[in-house]
Structures are given as structure tokens and as C-alpha cells.
There are 2 protein chains.
Amino acid sequence: MSLSSDLDAFDRAILAILQKDNATPQRTIGEKVNLSAPAVQRRIKRMEEQGVIRANVALVDPAKVGHPITIFVEVEVESERAELIDAAKRGFAQVPEVQQCYYVTGEADFILIITVATMADYEALTRRLFFANNNVKRFRTFVAMDRVKVGLEVPLA
Amino acid sequence: MSLSSDLDAFDRAILAILQKDNATPQRTIGEKVNLSAPAVQRRIKRMEEQGVIRANVALVDPAKVGHPITIFVEVEVESERAELIDAAKRGFAQVPEVQQCYYVTGEADFILIITVATMADYEALTRRLFFANNNVKRFRTFVAMDRVKVGLEVPLA
DNA sequence: GTTTGAATTGCAAGTTTGTTTCGTTTGGAG
DNA sequence: CTCCAAACGAAACAAACTTGCAATTCAAAC
């Protein structure tokens, strides 16, 4: 499971910084958390090995690269047989336009976040992903008018 | 608007790499896209200034830092007066547990993605954010059973 | 109270990476 | 054809990362 990742106050302080800007020099991090640069570096390495840090990435503004439209989709399936659910998960995850995909409880089964260039592209996607899929009973679309807050930061109180 | 960000094939190739791993050395990027390290560096810097690259961050596994629960909330408001909508946006964005917040069209007005340690924490949050807010008419909760695909990567075909 | 051992630290040396300089190339516009 | 601006690459340089090692801490066992 969470497999021996007991983080102390130093680790959390380091993570808090890296979640906002992972280009911060280790020396600077060290000054802020009262640790030497090597100590910081060893902790970062350990957290990467443990999977606490999943990845180091650049966040790109979708609008600036020709994907101005963000869409939410609630998907309801016909059958919840494990095999079919797994197939659906794999199918959704494969699609690059599907930025996020969650399997959820409640009145829907999946929630997708999709990024596209045009509504025509979205319409084409719905054909491929939903209409052509026998196990999709229904889906509801929400178009984002404002990306009020977007990130994957986890609070570290 | 998108303000003079015409990206060529080099820029896109660089972005594709940085979106997956921004710790990739510039020399390595240069080899992959057939450019020298300084050229890569200049392009990255320019894209950061243009806002194409919004941030450089570490992605943290929520479960490993004590936030194993991810929740979606569809929020419907009473009034869509601009002033009240703006207030709601600011209110939601301020909360650390609200990882993402979108203002959307359709049967809901806001969609939130929330990360918490326990359902009790979520319940406490609902009190603060929804029940204590006169402008919230109704909200629907979806608990994530599986984070099938999580990221903010934008396809760059 | 002392000893032991494991874990973590800081310092300093060594290596890799990022950055700047500068001369050259390229692609139009006059 | 020439000129100019923009972008490039090679090399020198600066900064950051990484590693080895001795010193420190702390808890458990003696």
C-alpha cells in the first residue's frame, strides 16, 4: 500500500516547494527548510523512488497550443461487469484528448476531462468513444467557460 | 489573446518532452529534436515568458501524503449574477482542498475536484463551502473509486 | 551509564547541467 | 546583390547536482 512512506516535516516542506516550482535549486530549498543541499537532494531522490513524487512536468496552457476547449463528461455504462469496466478504463485512458479519467460512485460511472481544439473535434470524439461503444448507456456534457483553478497540487498541512 | 505564440515543430517537440519530464537535460532534448542545447534553452525561456509553459511542478501522489480520497462535486447556484459568480469563484479557488474548479455550462454551474484525508473532512468542507453559502442551491457528490488517468498533459499533434 | 549500530547530516571534491559569448548561417526586404 | 534581423552552433564559463567520507545523533541493548 502506501508502503513505508512516513514523511517528516522536512519532506513535507520540500514537497510543498516542489509542487509549486520544481526548478527551485536545491540550495535554495535547503535555505528555506534549514537543511544542506545534499540532504535535500537525498530526500527528493528517496521520495521519487517511493513514488511520493510521481513525476516532474511542465504545465502547458492548453489555449496557447490550440486546445482552447475543456469539456467534462459524465458517462453511465450499461453493465458494471468487471471485465467491461476494465475495458472502458483502458479505452478512455488511451485517448490523448482524455486528460483525466476517474471511475466514480454516484449517478455516473466515469467522469472524463477532455481537451479539444474545436467542438467539431469533440463531436467526432463522442462518436468514437460513446456512440460506437455498446456499453455506454448515456453521457452528459459540460463545457468549461472558465478554468477557475487548475492544478494537481495536494495540500500539505 | 494568444498573443503571438506561433509555435513551430521544434517548440511542440520540446513541449511534448517537458510535459512528460521537465528534468530532461537540455542536451538530451536537443539530440531528440535535432537542435543544440542553447537553442533548446532559448525556446524554453521564450515559451515560459509567453505563458505557453505555465509552471514547472512535481506531481505528488495524494494517497502517499495522506489524501487518499478524491471527490467530484457538481454545484448549482441560485443566482448567476456576475458579482455572485465571481465571489463563488474566488471562494472556491482559495480553498487548498479544492484542487480544480471549473465554471461550466449545462446542468451544473461549477465542477470541483476535491482531495481530502477522510470523509469526515469532506463533510466538514461541505458545511463550509455549500451549506454555509446562500448562493448554493444544490450540489451532487461523486467519490472516485479509481483515478484511472490523472494529468494535465495537452496533446500536441 | 556506556556501547553499539543504523540513519542522517554537512562539507568538500568531482561531475553533470545550465548559461553566456561570439562568430556564423539563414531567410527575406530593399 | 546587399543588408539586416533572427536564429543557430561551438566553446568557454558558471551554476547546480551528485558522491564519498567523516562526524553527529538517537535509540536500543547491554
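Each chain gets a letter, A, B and so on, in the order its sequence line appears, and its residues count up from 1. The model shown is predicted, which means the values in this text are computed figures rather than measured ones.
Using a 4.0 Å cutoff to heavy atoms of chain A, the contacted part of DNA chain D runs 5' to 3' from D:dA16 to D:dG20.
Annotation: of the two residues near DNA chain D, A:K45 and A:R27, the 5′-most nearest-nucleotide partner is A:R27.
If you check the side chains of B:D61 and A:Q50, you find no donor sitting under 3.5 Å from an acceptor. A side-chain donor from one of B:N22 and A:N22 sits under 3.5 Å from a side-chain acceptor of the other.
No continuous path of hydrophobic side-chain contacts links B:I114 to B:V65 [ILVMFWY only; heavy atoms under 4.5 Å].
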Would you sort out whether A:E123 and A:R127 count as a salt bridge (charged side-chain N to carboxylate O under 4.0 Å, His left out), showing the intermediate values? CA-CA 7 Å; A:E123 205 237 332; A:R127 291 229 187 83; 2.7 Å; yes
Go through A:K89 and A:D86 one step at a time and tell me if the side-chain contact (heavy atoms from CB on, under 4.5 Å) criterion holds. CA-CA 5 Å; A:K89 288 182 184 178; A:D86 286 345; 4.2 Å; yes
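Among B:Y103, B:F142, B:F110, B:Y102, the one residue that satisfies the ring pair (Phe, Tyr, Trp, His ring centres under 6.0 Å) test with A:F72 is B:Y102. The side chain to side chain contact (heavy atoms under 4.5 Å, CB included) test with B:R12 is passed by exactly one of B:I17, B:L156, B:V33: B:L156.
Within residues 8-25 of chain B, the residues that place at least one heavy atom under 4.0 Å from DNA chain C are, in residue-number order, B:P25. If you check residues 29-39 of chain A against DNA chain C, the residues with a heavy atom closer than 4.0 Å are A:L35, A:S36, A:P38, A:A39, listed by number.
A salt bridge links B:D8 to B:R43: at least one charged side-chain nitrogen sits closer than 4.0 Å to a carboxylate oxygen. The pair B:D109-B:K137 does not meet the salt-bridge criterion, since no charged nitrogen lies less than 4.0 angstrom from a carboxylate oxygen.
Taking atom CZ of residue A:R42 and atom P of nucleotide C:dT8, one finds them 10 Å apart after rounding to whole Å. Here the C1' atom of nucleotide C:dT19 and the CD atom of B:E48 are 14 Å apart, to the nearest Å.
Heavy-atom neighbours of A:R138 CZ from other residues, nucleotides or ligands within 6.0 Å: at or below the threshold of 12.
Between A:R43 and C:dT9 there is a side-chain N or O to OP1 or OP2 distance below 4.0 Å.
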